[in-house]
Amino acid sequence: MRTAIFDTHDFEQKVFAKENLSFGHELTFFPMGLRQETASLAAGFPCVCPFVNDDLSKATLEKLKAGGTVLIALRSAGFNHVDLNAAKDLGLSVVRVPEYSPFAVAEHAVAMLLTLNRKTHRAYNRVREGNFSLSGLVGFDLHGKTVGVIGTGKIGKVFATIMQGFGCRILLNDITEDKDLALKTGGKYTTLNDIFSTADIISLHLPLKKETHHLIDESAFDKMKKGVILINTGRGALIDTKALIKNLKNGRVGAAGLDVYEEESGVFFQDHSGQIMTDDVLARLMTFSNVLITGHQAFLTNEALENIAATTLENISAFQRGEALRNSVL
Ligand code: NAI
């Protein structure tokens, strides 16, 4: 099937091309993101494959439809960037990759936590300059600390299990409880308020939707323990970033690991090193030595890339064969 793949990077083009040897779709890679202004590039492509920060608002979808697109094959798990009502009204099918490697994301969350706690990001820079001082590098044992895992789906489960391996006490929160996970990790399902007030570390693994937008807001920070480490590999807007900055300044938050940021669209995945930063909130976040920002790279492992490509291509083939779409989001 003729497929326009938007917002592509060299590392994924190679993987898509290799996986496609078994599928034989006609793939065209566009480096630019998909939005209303670029949607005309997809004219004549029955399938469009957007990435996680592409804009799939009603206006973009209408342009795609007018150009002959019938299938939106997301190469992401999250679909908060798609106007699903508009897609439905326009008769567009939307499929996604519900799972590609929960390990990739959970392990990245752990990497951020270990870095922030043991300050290896600061040590790395110091040692390169011949500074072997240990001042300011004191961390704490993870063993025995309380970890709050909010969202215990595929990624949250792996994260909770890894943290249990460190000897942490696990608190879990989800709208659906997983008894096996609680048993396996010795964890306990509890309220958000309990997690906020007792956890030394909080990690977010839930989707962005109306009910979870700014889940971590001023009132949530007010309840947290002083010095809490907050990790977000979920979606940026789960956290009210301005409230986070306030609580970094007053010391309530001891450190924050952010793989996602509420205004990341148009910033992440691109090299802006030669430009003036215009996002003052992001610029302020970047000044804290106890904030670690990565540009939405938690998914970025070989295994995840292969799974994303294989599932996306299989989703397209299933659509072409007229089968019921098991990865449909509509
Ligand atoms: P999943 O669907 O397996 O798990 C999400 C869990 O969140 C579910 O158990 C669900 O019941 C729970 N949940 C939903 N609403 C909730 C609420 N209001 N309160 C508490 N729990 C709630 O999804 P998965 O694969 O574990 O991914 C989680 C999120 O991670 C995705 O939605 C996506 O936003 C993000 N993600 C980030 C990546 C990155 O590279 N940074 C890569 C992949 C996913």
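Indexing begins at 1, ligand by ligand and atom by atom, following the structure's order.
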Compare [options] and give the one whose heavy atom is closest to [atom].
atom                    : options               : result
atom 15 (N) of ligand 1 : K209, H296, K157      : K209
atom 4 (O) of ligand 1  : G236, G153, S101      : G153
atom 23 (O) of ligand 1 : E99, H108, E211, K154 : K154

Has the side chain of [X] got a donor or acceptor atom that lies under 3.5 Å from a matching backbone atom of [Y]?
X    : Y    : result
T185 : G187 : yes
Y100 : E303 : no
D174 : T152 : yes

Nitrogen or oxygen atoms of T233 and ligand 1 under 3.5 Å apart: yes
Y100, any N or O under 3.5 Å of ligand 1 N or O: no
[X] touching ligand 1 at heavy-atom level, < 4.0 angstrom:
X    : result
D174 : yes
P102 : no
P207 : yes
L208 : no

Within the 6.0 Å centroid threshold, strictly below: F29 and F6: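 No; F6 has its ring centre 6.0 Å or more from that of F29.
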Would you give me the side-chain donor-acceptor pairs under 3.5 Å for residues 280-289, sequence neighbours excluded?
residue : atom : partner : partner atom : Å
R284    : NH1  : T287    : OG1          : 2.4
T287    : OG1  : R284    : O            : 2.6

Charged tip of R2 within 45° of F45 ring normal and under 6.0 Å: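 Output yes; distance and angle both within limits.
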Sub-4.5 Å side-chain heavy-atom contact between Y261 and F268: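 Yes, at least one pair of side-chain atoms sits under 4.5 Å.
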